[in-house]
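The structure presented is a predicted model; accordingly, all values stated were derived computationally and were not measured. A, B, ... follow the sequence lines: proteins, then strands. Residue 1 opens every chain.
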Amino acid sequence: MQHAEPAKAGASPVVVLREIHKSFGALEVLKGISFEAREGQVISLIGSSGSGKSTLLRCINMLEVPDQGDVLIDGEAIALSGSGQTRRIADENQIRRIRSELGMVFQSFNLWAHMTILENVMEAPLVVQRRARSEVEAEARAMLDKVGIGSKADAYPAQLSGGQQQRAAIARALCVNPRVMLFDEPTSALDPELEVEVLRVIKLLADEGRTMILVTHDMDFARSVSDHVIFLHQGHIEEQGTPAQVFGATQSARLKQFLNAASHA
Amino acid sequence: MQHAEPAKAGASPVVVLREIHKSFGALEVLKGISFEAREGQVISLIGSSGSGKSTLLRCINMLEVPDQGDVLIDGEAIALSGSGQTRRIADENQIRRIRSELGMVFQSFNLWAHMTILENVMEAPLVVQRRARSEVEAEARAMLDKVGIGSKADAYPAQLSGGQQQRAAIARALCVNPRVMLFDEPTSALDPELEVEVLRVIKLLADEGRTMILVTHDMDFARSVSDHVIFLHQGHIEEQGTPAQVFGATQSARLKQFLNAASHA
Amino acid sequence: MFDDIAFWVSYLTNGKHLTWYASFQFTIFAALMGGALAVVFGLAGATAKNSRFLPFRMIGWFYSSIVRGVPDVLFFLFFPLAFEQGVEWLVATQVCSPEMIAAQTAPWPPCREANWFLGTTEYLLLASVSLGLVYGAFASNVIHGALRSVPAGQLEAARAFGMSARQVLWRVHIRQMWVYALPGLSNVWMLIIKATSLLSLLQIADIVLWADRLGAPNFLPSVGLVHDDWRWRYYLVLFVFYILVTWLSERAFEAIMRRAGRGILSEAQA
Amino acid sequence: MDGFFNDLAIMAPAVLFNIYFALASIPIGFVLAVFLALGKASPNPLINRLSRGYIYAFRGSPLFIQFFMFYSLALSLNVGLWKPMGWSGVVLHPLFMGPLVLILNTAAYTAEIFYGALRAVPRGAVEAARAYGMSRRQQFTRVIWPNLIRLAWPAYTNEVVFLFHATAIVYFALPVLSGQGELMITAKGLFERDFNAFLHFSVAALYFLMVSLIVFFIFGLVYQRLMRHLPAQPRMRFAPKWIR
Amino acid sequence: QETVRIATEGAYAPWNFLNDSGAPAGFEIDLGNAICEKASLSCEWIINDWDSIIPNLLAGNYDLIMAGMSITDERLETIDFSQNYFPPDPSKFVAPAGDTVDPANLSGARIGVQGGTIQAAYAEENLASGNTVVTFSTADQAMADLMAGNLDTILADGAYLEPVVAASPDAIVFVGEDVMIGNGVGAGLRKDDADLKAKVDEALTALKADGTVDKLIAQWFEGRGPYFAE
Ligand SMILES: Nc1ncnc2c1ncn2[C@@H]1O[C@H](COP(=O)(O)OP(=O)(O)OP(=O)(O)O)[C@@H](O)[C@H]1O
Ligand SMILES: Nc1ncnc2c1ncn2[C@@H]1O[C@H](COP(=O)(O)OP(=O)(O)OP(=O)(O)O)[C@@H](O)[C@H]1O
Ligand SMILES: [Mg+2]
Ligand SMILES: [Mg+2]
């Protein structure tokens with residue numbers, strides 16, 4: 001196992017995970033995971049199916065509460081009470097504030113079907129951040145233009161293609177102006193053609209220097225977009241490093257096998 | 001196009017099809033098909049998906065009523081009334097008698113889910129042929145032994161593997177002691193491993209000299225088991241002959257292309 | 001203490017209470033009979049809806065929409081009365097002479113000789129038929145849907161073996177239909193059970209009528225135990241009775257489902 | 001024909017009582033049902049058991065019995081409770097007791113519908129709401145509820161129609177104030193005068209059918225509006241499953 | 001022997017009620033059986049709710065009503081009556097003891113009656129304005145509401161109320177003036193049933209003459225009367 005190199009040195013850590021453990025019933029999915037994401041860093045989580053990538057990502061914004069370990073956002077630890085599988089969020093106000101700093105994009109988009117695209121994007125700024133409508137609307141439209149679906153603002157999600165929906169979901173996440181963007185396989189529910197559109201948008205964000213943590217199964221994309229790649233295996237970080245190290249100078253036999261399989265899929 | 005050679009010469013024709021046409025709405029699936037199956041002959045129908053193989057087979061026992069043309073079983077024409085797409089079976093008693101002479105094995109088995117395997121096999125002899133229960137039961141058990149699932153007599157279809165279900169379906173068809181057995185892709189719903197069991201049983205029947213018409217996508221099997229192979233294309237018989245002629249000395253460009261594709265699948 | 005118990009035991013087992021307990025038979029009979037008839041009418045309705053013959057389809061449609069478009073109480077009252085009048089009218093066309101009709105002062109029946117006396121038994125039967133008709137409309141919908149849920153291949157296989165249309169229907173189609181219909185029919189059954197509470201509206205001395213009579217306040221020792229208004233206690237008993245029957249029915253349907261689903265439901269294999 | 005129009009006129013005021021009973025119970029029953037459905041879905045064991053028990057009891061017993069039981073219960077509490085509070089005129093009034101029992105009853109049926117819909121609300125949509133930092137209340141009002149009501153609407157429409165039908169038995173169980181008969185009592189009264197079952201019951205049925213169709217039409221319009229976010233709108237069918 | 005079906009309500013003690021063994025009993029049941037014996041008829045008792053008791057007679061579901069039914073002109077339009085078997089008797093108001101109710105000038109009062117009775121008709125006609133007339137399907141239900149304080153007063157047959165008031169003088173008292181309505185109680189029958197009417201009348205005349213009717217009244221109404229002999 002390698003040690004994480006200080007990527008983008010000097011920048012402060014935005015997300016810190018310390019010894020995260022998580023079990024579902026008897027199945028231990030995460031067995032002590034630690035890493036940090038610094039300002040402007042793009043981190044890719046890779047690993048075979050069931051290795052716990054989604055679970056790890058969901059622990060960051062406490063959609064799953066870890067059984068052990070801490071999550072720090074901007075140096076502030078998320079308060080949890082209890083222990084083991086009964087561990088719970090201790091402070092509802094804190095978690096709501098922190099969650100609105102973390103923009104999450106789901107594999108299956110999870111756009112709110114009963115709102116138009118514009119309403120979807122404006123919802124969190126209006127309702128959670130309580131910002132002024134006129135300001136939010138301008139920003140939301142700008143964001144939709146940025147991801148390339150400005151003309152669809154008044155359509156409902158069901159009227160959009162998958163790629164358009166995912167881009168709307170990205171705009172929705174961006175509009176809360178989060179410190180970090182979290183992506184869980186943002187393209188795996190899409191056809192290869194639609195995938196391209198979404199990957200382009202994510203690349204754009206990476207180039208802008210946005211902090212991002214993404215789960216992906218697309219190794220080429222991971223290589224081209226990330227500063228740091230983490231390979232999860234059986235609940236542990238089996239190997240991590242720059243794309244060059246991980247893909248170029250693979251150490252672990254597991255990772256070799258995984259990359260081999262991935263290139264043939 | 002070649003002419004059918006008199007395979008097993010001297011035997012009488014059991015099934016005769018004369019100029020069969022069949023359309024579904026505007027789509028003309030069969031555009032005039034004629035062939036005959038003699039006593040003891042094994043005929044394979046091959047062709048690409050959608051070429052009308054299943055439809056043709058289903059016309060033989062009138063699960064689909066052809067729009068034009070006649071079907072003769074043992075020299076007796078099945079009586080139809082009306083014409084075109086409103087053509088119907090004219091004589092319910094005749095068709096029931098004839099159908100019980102034609103054992104059909106479906107792609108998806110279609111075992112009756114609410115009966116045990118033994119009850120499935122005994123149903124038609126008891127209910128349609130009105131034979132004595134004791135006699136039928138002995139025969140049914142013998143038939144199940146023959147196809148190798150004697151021990152499953154009292155299980156329900158859902159408790160069996162696909163291969164076992166298909167063998168039960170073959171036993172069910174055999175137990176009415178039909179003049180001809182019709183198989184519609186009897187193995188295509190099965191895993192390759194299970195397929196083997198079923199093909200073995202069909203081979204056994206072929207070797208016993210049973211008259212059979214089968215739709216198959218397995219060219220090796222068609223070659224090894226049949227006396228006569230018919231290639232359907234766009235509603236016509238594009239080519240037919242002995243396996244040696246059809247597979248060895250292919251004439252039609254379509255068939256060449258088809259065989260080529262099949263061998264790479 | 002013992003005197004108390006003895007008193008209550010004897011009170012609760014006096015003839016009036018025994019008659020009350022006995023009247024549960026009417027409720028149970030009406031439920032079972034109504035349920036059986038609902039299935040029969042349901043099958044008939046579903047067959048009509050599936051018919052190739054347009055007028056039958058129309059009748060099936062009309063039956064299930066009209067009966068369900070009006071309150072069950074209305075139909076429940078209307079049917080027995082209308083049936084009685086129908087029979088009396090038919091009889092009248094045979095037996096009544098013009099003089100007899102002229103002599104009749106009451107608005108119905110046309111003449112006295114055509115009168116059909118309805119007692120508890122007749123009303124109970126008519127009530128059951130009435131329940132059967134109303135809930136048969138619901139059942140016909142359930143069965144119609146269930147018939148269409150049976151996989152086409154199952155029917156095709158039967159046809160391919162030379163079964164007649166009737167054999168296909170009874171030996172395969174309807175046998176398999178039950179599994180798909182049972183959840184819906186269980187629902188209909190619960191409705192029928194609850195509708196049996198309306199029997200007293202048809203002059204049947206059922207559990208509801210007796211609960212009212214037993215609970216009503218009594219001031220006269222010569223009539224029986226003097227007590228206040230106890231009706232709500234008696235109705236509470238009925239309330240609990242019906243909940244219990246519902247609960248038992250649910251358990252029973254689960255068991256039936258397990259049996260009927262053998263081979264068809266994958267859960268049933270365990 | 002005269003008889004027919006005559007009946008139409010006589011029953012016109014009567015149907016207003018049915019409509020009153022339905023209108024008085026639907027909104028409150030609706031609100032109560034929301035809480036019961038949430039209760040049934042609640043992880044708190046006490047709230048959960050109570051809601052479940054309530055829903056089971058009221059769906060498992062006949063409305064007819066519920067009417068009798070609650071009326072005589074209210075009556076026996078009169079001397080001790082309502083009378084001293086000066087409520088007796090209101091509580092025991094059929095125009096109060098009727099809707100009260102109907103509310104208790106429809107709340108249970110509606111709660112079951114809402115509970116089913118609640119469990120069908122897409123998990124992802126709720127998760128997204130959580131991930132954006134919405135509070136529990138915001139999650140409910142902004143995401144869960146709009147989804148729930150859309151899912152529940154067709155079944156709820158049927159429940160409303162059947163609640164309307166259930167108003168037919170109110171006066172078989174409660175005392176009647178003079179001149180306040182609803183459709184069923186009026187039709188039965190007319191029948192007992194001239195035994196013309198076909199005429200009087202048909203007219204009553206016609207009224208019930210008409211109001212049912214109107215309810216259905218209005219609720220259908222609402223449904224269309226609710227479902228405007230879906231390109232192909234599912235058609236609502238009049239296929240009532242629940243009645244009491 | 002001809003069978004006669006007699007309908008009664010069974011919820012109007014002591015006229016007719018269901019006794020502890022669940023069978024009909026009371027003054028009218030004894031009297032009815034006596035009539036049947038006198039007229040050599042075989043009798044069968046049927047329990048029928050009050051509010052449909054006349055319609056079901058007309059519909060032919062029984063032949064005779066003996067259910068404390070007063071003979072009135074309105075009823076005579078649809079059915080016929082035998083001669084009365086209970087003398088004309090005043091209707092009375094009762095109220096919970098301690099309440100000050102004056103039936104002579106009621107206003108805003110809740111008046112309980114049994115639906116379809118002469119008292120109900122009287123109340124609708126004379127007392128409905130300014131008051132609420134509440135209709136119950138049995139007299140016992142009305143009594144329950146009165147005891148529970150949901151009614152200010154009940155108007156009912158004196159002979160029905162007398163025993164109740166006598167049995168619980170601390171709870172219920174008579175108030176105001178009696179009201180004379182009705183021409184006594186008789187057995188209701190269909191208009192075209194002249195035969196039966198003749199038989200019942202003949203038997204009643206005999207039973208009145210030999211004192212049986214008065215004896216039964218004395219027995220069931222605790223010696224309070226009224227009697228035919230006076
Ligand atoms: N809510 C849950 N309850 C029980 N088990 C769960 C739950 N969520 C995930 N798991 C299990 O945890 C393991 C890891 O799941 P996770 O979704 O994190 O994997 P993953 O790496 O994201 O896989 P994939 O690439 O297929 O998305 C799997 O075995 C999964 O079945
Ligand atoms: N009942 C039907 N109604 C309408 N079209 C039908 C029907 N049955 C078959 N077809 C159409 O007829 C054509 C031939 O169908 P058929 O099932 O006979 O092909 P096949 O050769 O058996 O194909 P496969 O190898 O895929 O089973 C197809 O285009 C099919 O869509
Ligand atoms: Mg995942
Ligand atoms: Mg096919």
Side-chain angles (χ1 to χ4, degrees), chain A residues 54 57-58 60-65 73 88-89 92-117 119-130 154-160 165 168-169 172-176 178 181-182 184 189, chain D residues 34 38 41-45 47-48 114 116-157 219-236:
Chain A
S54 300
L57 198 75
R58 290 160 59 83
I60 297 176
N61 65 357
M62 293 291 154
L63 285 181
E64 302 289 357
V65 177
I73 307 295
R88 298 166 149 267
I89 290 162
E92 274 292 331
N93 290 324
Q94 185 206 27
I95 191 69
R96 274 160 53 202
R97 178 167 45 74
I98 286 181
R99 276 175 176 164
S100 75
E101 302 269 293
L102 302 169
M104 179 123 177
V105 177
F106 296 84
Q107 176 173 0
S108 46
F109 332 141
N110 293 350
L111 289 172
W112 295 304
H114 59 290
M115 302 180 189
T116 64
I117 297 301
E119 285 165 355
N120 261 283
V121 176
M122 290 168 62
E123 182 73 4
L126 288 180
V127 170
V128 179
Q129 303 181 328
R130 300 189 181 289
D154 295 319
Y156 284 97
Q159 296 163 332
L160 267 56
Q165 287 190 44
R172 177 173 69 165
L174 282 174
C175 204
V176 294
M181 291 280 285
L182 309 175
D184 189 1
Chain D
V34 176
L38 289 178
S42 157
N44 179 322
I47 296 176
N48 185 301
F114 286 175
L118 185 64
R119 298 209 305 178
V121 171
R123 272 178 56 98
V126 183
E127 252 181 13
R130 267 205 288 159
Y132 286 110
M134 288 193 193
S135 66
R136 276 170 187 282
R137 176 188 291 270
Q138 284 170 336
Q139 286 168 38
F140 184 77
T141 55
R142 308 290 308 177
V143 177
I144 297 176
W145 177 251
N147 276 292
L148 185 157
I149 195 65
R150 286 173 170 82
L151 290 167
W153 199 255
Y156 182 63
T157 306
F219 276 63
L221 288 183
V222 174
Y223 191 55
Q224 267 175 19
R225 194 160 162 67
L226 285 176
M227 299 309 279
R228 67 186 183 283
H229 63 287
L230 285 189
Q233 287 173 8
R235 217 167 62 85
M236 192 155 69

Checklist entry - For D:Arg142, is it the side chain, the backbone, both, or neither that has a heavy atom closer than 4.5 Å to a heavy atom of chain A? => result both
Checklist entry - What distance do A:His114 atom NE2 and D:Arg228 atom CZ have between them, rounded to the nearest 0.5 Å? => result 10.0 Å
Checklist entry - If you take all heavy atoms of D:Arg130 and A:Met62, which pair is closest and at what distance? => result NH1-O, 4.5 Å
Checklist entry - Do you know which of A:Ser100, A:Ala113, A:Ala124 has the most heavy-atom pairs under 4.5 Å to chain D? => result A:Ala113
Next on the checklist: Taking side chain as everything from C-beta outward and backbone as N, CA, C, O, which of these in A:Leu102 sits under 4.5 Å from a heavy atom of chain D? Side chain, backbone, both or neither.
Outcome noted: backbone
Checklist entry - Can you find a heavy atom in the side chain of D:Ser135 that is under 4.5 Å from one in the side chain of A:Glu92? => result no
Next on the checklist: Please find the pair of heavy atoms, one from D:Ala128 and one from A:Arg172, that lie closest to each other, and give the distance.
Outcome noted: CB-NH2, 3.7 Å
Item to check | Side chain to side chain, A:Glu123 and D:Met134, heavy atoms closer than 4.5 Å | outcome: yes
Checklist outcome for this item: The interface call for D:Glu127 against chain A, heavy-atom contacts under 4.5 Å, is both
Item to check | Minimal non-hydrogen separation, A:Val128 against D:Gln138, with atom names | outcome: CG2-OE1, 4.3 Å
Checklist entry - When you measure from the side chain of D:Tyr132 to the backbone N and O of A:Met104, does any donor-acceptor pair fall under 3.5 Å? => result yes
Checklist entry - Tell me, side chain or backbone of A:Ala155 under 4.5 Å from chain D's heavy atoms, or both, or neither? => result neither
